[in-house]
Each structure stands twice: as structure tokens, then as C-alpha cells.
**Q** 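Dropping the structure in here first, questions after.
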Amino acid sequence: MPELAIEIRGACKHYPGFSLEDLSLKLEKGYVLGLIGPNGAGKTTTIRLLMGLARADSGEIRVLGEDPRKAGPALRARLGFVYDESKWYGTLNASETAAWVSRLYPTWSDEAFSSRLEGFGIDPGKKIDELSKGQRMKLSLAVALSHEAELIVMDEPTGGLDPVSRSELLDSLFAVVAEGRTSLLFSTHVTQDLERIADYIAFLKGGRLVFSEARDEVLARHALVRGPLAALGPGLESELVGRRVYDGGFEGLTDRPEAVRSRAGDRIRLERANLEDIMVYNVREDYHARPAS
């Protein structure tokens with residue numbers, strides 16, 4: 001049986017005005033799980049549960065085989081966190097940051113940290129306030145990798161980055177994943193990034209899990225449907241997750257492409273859907289063609 005970096009079974013967490021309901025997720029060690037969903041879907045709550053910052057009302061949670069609420073500092077030393085905003089003291093440089101961070105981690109390696117900084121192109125003597133946002137994200141990643149983090153949790157790490165910085169950070173993550181020792185949970189609205197790096201995709205909506213599947217299976221199972229309005233009857237609509245109508249035609253999303261082709265034949269065309277299409281058509285109420293899942 002494969003070792004799991006993350007295992008959530010039937011977790012529920014209730015807050016005033018929001019509930020995470022019956023969440024079950026798992027991630028094998030050495031893989032990347034992309035967490036997507038609109039604002040308020042439950043992504044942050046899920047991360048807080050995994051980090052031990054919140055306690056589930058019911059269900060079971062295991063991170064690297066341990067209950068994050070009971071494991072304490074020993075488990076946290078095996079985890080790394082990369083947030084959308086730098087949490088470092090801006091007046092310190094990277095070397096000074098490492099000097100105090102290293103005391104928190106028994107497995108810290110100055111040699112590994114220096115190597116990561118060099119690889120990421122970060123001047124160890126430059127103050128953090130003088131680093132670009134992309135460099136600060138890389139610094140957080142360098143810290144996580146320098147204490148041999150077995151699971152890195154990333155919350156919107158590429159949000160607000162310019163295309164070049166995003167590309168550089170993703171290339172860095174590719175290199176980390178290729179080493180095969182580290183698992184990643186990558187929560188983001190920038191779904192294009194997950195199409196490049198994620199092995200699995202978990203989609204949350206309204207506190208519930210819509211699906212958790214291999215990325216390639218998710219993309220293969222969905223397709224965009226385009227055609228004239230005359231082709232859009234009740235039979236075809238029943239095969240669509242959602243659709244929008246424009247002058248003389250429509251566009252929709254299906255997770256049943258073969259059924260759509262069987263019903264409409266050459267009156268419609270099927271095209272590749274991306275993760276953003278899948279999320280938008282599932283979430284926008286005005287696009288829904290059949291009852292939402």
C-alpha cells in the first residue's frame with residue numbers, strides 16, 4: 001500500500017455561515033495535489049485543518065501519517081509552507097533569516113540553503129524588502145527545502161507574479177518534484193499553473209468536494225461544446241454541466257463528450273477544456289444547464 005502524505009476521511013468543520021462537509025482526500029508521497037475552487041469554497045479551511053491550526057468537528061486527518069493536532073513540533077519540522085505574501089522580516093537579509101529559522105528545525109542544512117539560494121539567483125546579503133515578490137516566494141521555497149520538508153503546502157504562491165516570475169517559480173517546483181522526495185499541496189486560482197505541475201486535482205465548491213482525480217483524467221473527461229442554437233435542445237442540455245448562449249449559438253461544458261456526440265452529431269464541435277473552463281461552468285449559477293452536483 002502506498003505511503004500517504006495527506007489523508008482526510010470524512011472531515012467536517014462548521015463555522016458561522018460556512019461548513020466544510022464530509023471531505024475525503026488523499027495524496028501519495030512524492031506527488032502534487034492541486035486544490036482549486038472559488039473564494040469561500042473551503043480551500044483555506046482545508047489547509048488550516050492539515051496544518052493543525054483548526055480542529056475538525058468530525059472525521060480523521062493524517063499528515064505524513066500523524067494527526068496534526070496531536071503531533072506537535074516534530075511534525076511541523078517535516079512540513080514547509082509557502083504563502084502568497086512574504087512572512088519574513090523585511091529588514092533582514094536571506095542569511096540573517098536563515099540564522100534564526102534554522103533554530104526551529106533539527107534537520108536544517110546551511111549547505112542546502114546556500115545551494116538553493118544560488119540556484120534561485122538570490123543574493124544572500126540583500127534585504128528581503130529589496131527582493132521582488134517572485135524572489136521572496138523562492139526564498140520561502142528555499143527555506144522549506146533546506147530543512148528537508150517532506151510536504152510543502154503552497155497557498156497562492158504565484159498570485160500577483162508577473163509571467164516571467166511565475167515561469168521561474170514553476171521551473172523551480174518542477175525541479176523539486178523531479179527529485180521525488182517531496183510532496184506538494186498547491187492551492188491556487190491560477191489554474192494554468194496546475195495544468196503544468198499537478199498530478200491530481202481536487203475541486204471544492206461551497207464546502208463540498210466536487211471531484212478529486214488525476215489531472216489528465218479530469219481534462220480528458222471534460223470538453224467544451226460549441227454549436228448553433230438550433231442544436232441546443234433538452235436532450236443535449238441534459239448532457240451539459242453548464243452553457244452560455246450568445247447571438248446565434250452556444251458554448252457549454254460537458255463531462256459526457258461521447259453522449260454529446262451521439263445526440264448532436266456534426267451539428268456541434270467538441271474542443272479541449274482547461275481547468276478554468278471546468279471551474280467556471282461548475283460554479284456560475286447562470287451557466288447551469290442541469291442540476292448542480
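Residues take their numbers from the sequence shown, with the count starting at 1.
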**Q** Could you tell me whether a side-chain N or O of D277 sits under 3.5 Å from a main-chain N or O of N274, the two making a donor and an acceptor?
**A**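 Yes: the side chain of D277 pairs with the backbone of N274.
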**Q** Would R226 and E251 pass as an ion pair if we require N to O under 4.0 Å?
**A**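 Looking at R226 and E251, the cut-off is met.
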**Q** Would you say CD of Q192 has more than 12 non-hydrogen atoms from neighbouring residues, nucleotides or ligands within 6.0 angstrom?
**A**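 Yes, CD of Q192 has more than 12 neighbouring heavy atoms, counting only those of other groups under 6.0 Å.
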**Q** Rounded to the nearest 0.5 Å, how far apart are OG1 of T45 and CZ of F18?
**A**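 Reported to 0.5 Å precision, the distance equals 4.5 Å.
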**Q** Can a donor-acceptor pair be found, under 3.5 Å and without considering hydrogens, that links the side chain of R261 to the backbone of G265?
**A**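 Yes, R261 side chain to G265 backbone: donor-acceptor pair under 3.5 Å.
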**Q** Assess the residue pair V153 and L79 against the criterion (side chain to side chain contact (heavy atoms under 4.5 Å, CB included)); give the C-alpha distance rounded to whole Å, side-chain angles, the decisive distance to 0.1 Å, and a yes or no.
**A** CA-CA 8 Å; V153 178; L79 306 179; 6.0 Å; no
**Q** Which pairs would a plain distance check flag for residues 195-203, meaning a side-chain donor or acceptor within less than 3.5 Å of a matching protein atom at least two apart in sequence or in another chain?
**A**
unit_1: E195; atom_1: OE1; unit_2: R272; atom_2: NH2; d: 3.3
unit_1: E195; atom_1: OE2; unit_2: L275; atom_2: N; d: 2.9
unit_1: R196; atom_1: NH2; unit_2: D171; atom_2: OD1; d: 3.3
unit_1: D199; atom_1: OD2; unit_2: V32; atom_2: N; d: 2.8

**Q** Can any side-chain N or O of K13 pair as donor or acceptor with the backbone N or O of R55 at less than 3.5 Å?
**A**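 Judged by distance alone, yes, a pair lies under 3.5 Å.
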**Q** Please check: side-chain N/O of T254 versus main-chain N/O of E239, any donor-acceptor pairing under 3.5 Å?
**A**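 Present.
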**Q** Determine whether a donor-acceptor pair (N or O, by modelled atom type, separation under 3.5 Å) exists between the side chain of R263 and the backbone of G235.
**A**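 Flag set: sc R263 to bb G235 pair under 3.5 Å.
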**Q** Are there more than 12 heavy atoms of other residues, nucleotides or ligands under 6.0 Å from atom NZ of K29?
**A**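 Check passes, neighbour count above 12.
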**Q** Would you tabulate the side-chain donor-acceptor contacts of residues 115-128 under 3.5 Å, counting partners in other chains and residues two or more places apart, or write 'none'?
**A**
unit_1: R116; atom_1: NH2; unit_2: E179; atom_2: OE1; d: 3.3
unit_1: R116; atom_1: NH2; unit_2: E179; atom_2: OE2; d: 3.2
unit_1: D123; atom_1: OD1; unit_2: G125; atom_2: N; d: 2.9

**Q** Tell me whether the count of non-hydrogen atoms from other residues, nucleotides or ligands lying under 6.0 Å of CD in E271 goes above 12.
**A**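 Yes, because the 6.0 Å sphere around CD of E271 holds more than 12 heavy atoms from other groups.
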**Q** Enumerate the residue pairs fulfilling ring-ring contact (aromatic ring centres under 6.0 Å, His included) with a member in residues 131-154, sequence neighbours excluded, ordered by first and then second residue.
**A**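 Only Y105-H147 qualify under ring-ring contact (aromatic ring centres under 6.0 Å, His included).
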**Q** Output yes when D67 and R69 qualify as a salt bridge under the 4.0 Å nitrogen-oxygen rule, no when they do not.
**A**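 Salt bridge between D67 and R69, a charged N being under 4.0 Å from a carboxylate O: no.
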**Q** Crowded around D286 CG? As in, over 12 foreign heavy atoms under 6.0 Å?
**A**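 For D286, atom CG is crowded (more than 12 foreign heavy atoms under 6.0 Å).
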**Q** If every non-hydrogen atom of S24 is compared with every non-hydrogen atom of G10, which pair is closest and at what distance?
**A**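 For S24 versus G10, the nearest heavy atoms are OG-N, 2.9 Å.
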